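First comes the structure, then the notes that go with it.
None of these values were measured; they are calculated from a predicted model. Side chains are part of it too, since the values below use all heavy atoms of this structure and drop only hydrogens, waters and symmetry mates.
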Amino acid sequence: MKTGSGSTGFAATVLLLLGSIGFAADAPPARPAETATAIFAGGCFWCIEADFEKLPGVIGAESGYTAGKTANPTYEQVSAGGTGHTEAIRVSYDPAKVSYQQLVDYFWKHIDPTARDRQFCDVGTQYRSGIYWRNEAERKIALASRDTLLKSGKLPQVFTEIAAASVFYPAEEYHQDYYKKNPIRYAYYRKSCGRDARVQEIWGGK
């Protein structure tokens, strides 16, 4: 009886340890200790969302509407151009892996800053580009980055709006991760809109 009890106890201990190892392997990745957000507008939010979700350090991007005057706007209202909003994204990122400065630099190279109240084939104030800062440090980074671009002589002018962040309204669910849900339609739209061709023309190899 004594030997048997010892064997049973040892087996139970082994099974417990194996179970713990399996649980650890299946556990989701740990969330970063700190998560920050940033708001940008770069024309069609399907496209700028897809661009930012490829950047290391970005946890995710959410399509929505900002910088307008109508509460809880719908896509139909915003796309008609009467609410003052622009299509935008709210980026969640790990500041230990990517800085706000790096986000801003990345943003410039995925839009056409020289276009006023439009981006690529989409025309209207609802497609204007913008950087919407949330604090004084972000404001200084955005303005300094824009000024550096202008001083470089690479761009003749910059029409991208730089303003304090206001309410961000998430877009309807069918707009979120549109490039993943509808890859063929998304790819066709992006190519036919000339987005990548124009970005390549301005920025070259980035």
Cys193/Cys121 sulfur atoms closer than 2.5 Å: yes
Common cluster, Ile48/Leu55, ILVMFWY with side-chain heavy-atom separation under 4.5 Å: yes
Joint hydrophobic cluster, Leu103 plus Phe168, side-chain heavy atoms closer than 4.5 Å: no
Passing candidate, side-chain hydrogen bond (donor to acceptor under 3.5 Å, both in side chains) with Tyr179, options Glu53, Glu49, Arg190: Glu53
Worked verdict on Ile111 versus Ile202 for side-chain contact (heavy atoms from CB on, under 4.5 Å): CA-CA 9 Å; Ile111 67 162; Ile202 299 171; over 6 Å; no
Gln176 side chain vs Glu62 backbone, donor-acceptor pair below 3.5 Å: no
Joint hydrophobic cluster, Val58 plus Ile39, side-chain heavy atoms closer than 4.5 Å: no
Side chain proximity check, Asn135 to Glu138, heavy atoms < 4.5 angstrom: yes
Arg198 (side chain) donor-acceptor with Gln200 (main chain) under 3.5 angstrom: no
Heavy-atom side-chain contact between His85 and Tyr169 under 4.5 Å: yes
Main-chain N/O of Pro73 paired to Thr70 side chain as donor or acceptor, under 3.5 Å: no
Candidate pair Phe52 and Tyr106, rule ring pair (Phe, Tyr, Trp, His ring centres under 6.0 Å), full reasoning: CA-CA 8 Å; Phe52 266 92; Tyr106 185 84; 5.2 Å; yes
Check: Ala41 main-chain N/O paired with Ser129 side-chain donor or acceptor under 3.5 Å: no
Minimum heavy-atom distance Thr86-Arg128, with the two atoms named: OG1-O, 2.8 Å
Heavy-atom closest pair, residues Tyr186 and Cys47: OH-CA, 3.7 Å
Geometric class of the Tyr75/Tyr174 ring pair [parallel <30°, tilted 30-60°, perpendicular >60°]: perpendicular
Minimum heavy-atom distance between Ala61 and Ile89, given as atom pair plus value: CB-CD1, 4.4 Å
Distance-only donor-acceptor check, side chains Asp105 and Gln101, under 3.5 Å: yes
ILVMFWY network linking Tyr132 to Tyr100, side-chain heavy atoms under 4.5 angstrom: no
Non-hydrogen atoms of Tyr189 and Cys44 that approach each other most closely: OH-CB, 3.2 Å
Thr35 and Asp94: CA distance, side-chain angles, deciding distance, side-chain contact (heavy atoms from CB on, under 4.5 Å) verdict: CA-CA 5 Å; Thr35 300; Asp94 181 352; over 6 Å; no
Side-chain touch Val199/Lys109, heavy atoms, less than 4.5 angstrom: no
Atom OH of Tyr188 with >12 non-hydrogen neighbours under 6.0 angstrom: no
Derivation and outcome, salt bridge (Lys or Arg N to Asp or Glu O under 4.0 Å), residues Glu161 and Arg116: CA-CA 9 Å; Glu161 179 175 58; Arg116 186 200 295 270; over 6 Å; no
Side-chain heavy atoms of Asp196 within contact of Lys191, under 4.5 Å: no
Cluster check Leu143, Leu149: I/L/V/M/F/W/Y, side chain < 4.5 angstrom: yes
Side-chain heavy-atom pair Thr148, Lys154 within 4.5 angstrom cut-off: no
Any residue meeting side-chain hydrogen bond (donor to acceptor under 3.5 Å, both in side chains) with Glu136, in chain and number order, not counting sequence neighbours: Arg139
More than 12 heavy atoms from other groups under 6.0 Å of NZ on Lys97: no
Any Tyr127 side-chain heavy atom under 4.5 Å of Asp117 side chain: no
Minimum heavy-atom distance Pro95-Tyr93, with the two atoms named: CD-O, 3.3 Å
Exercise: identify the closest heavy-atom pair between Thr114 and Pro156: CG2-CD, 4.0 Å
Flag side-chain contact, heavy atom, 4.5 Å: Tyr178 against Lys180: no
Neighbour count above 12 (heavy atom, 6.0 Å) for Lys54 NZ: yes
Check: Trp108 and Ile131 side chains under 4.5 Å, non-hydrogen atoms: yes
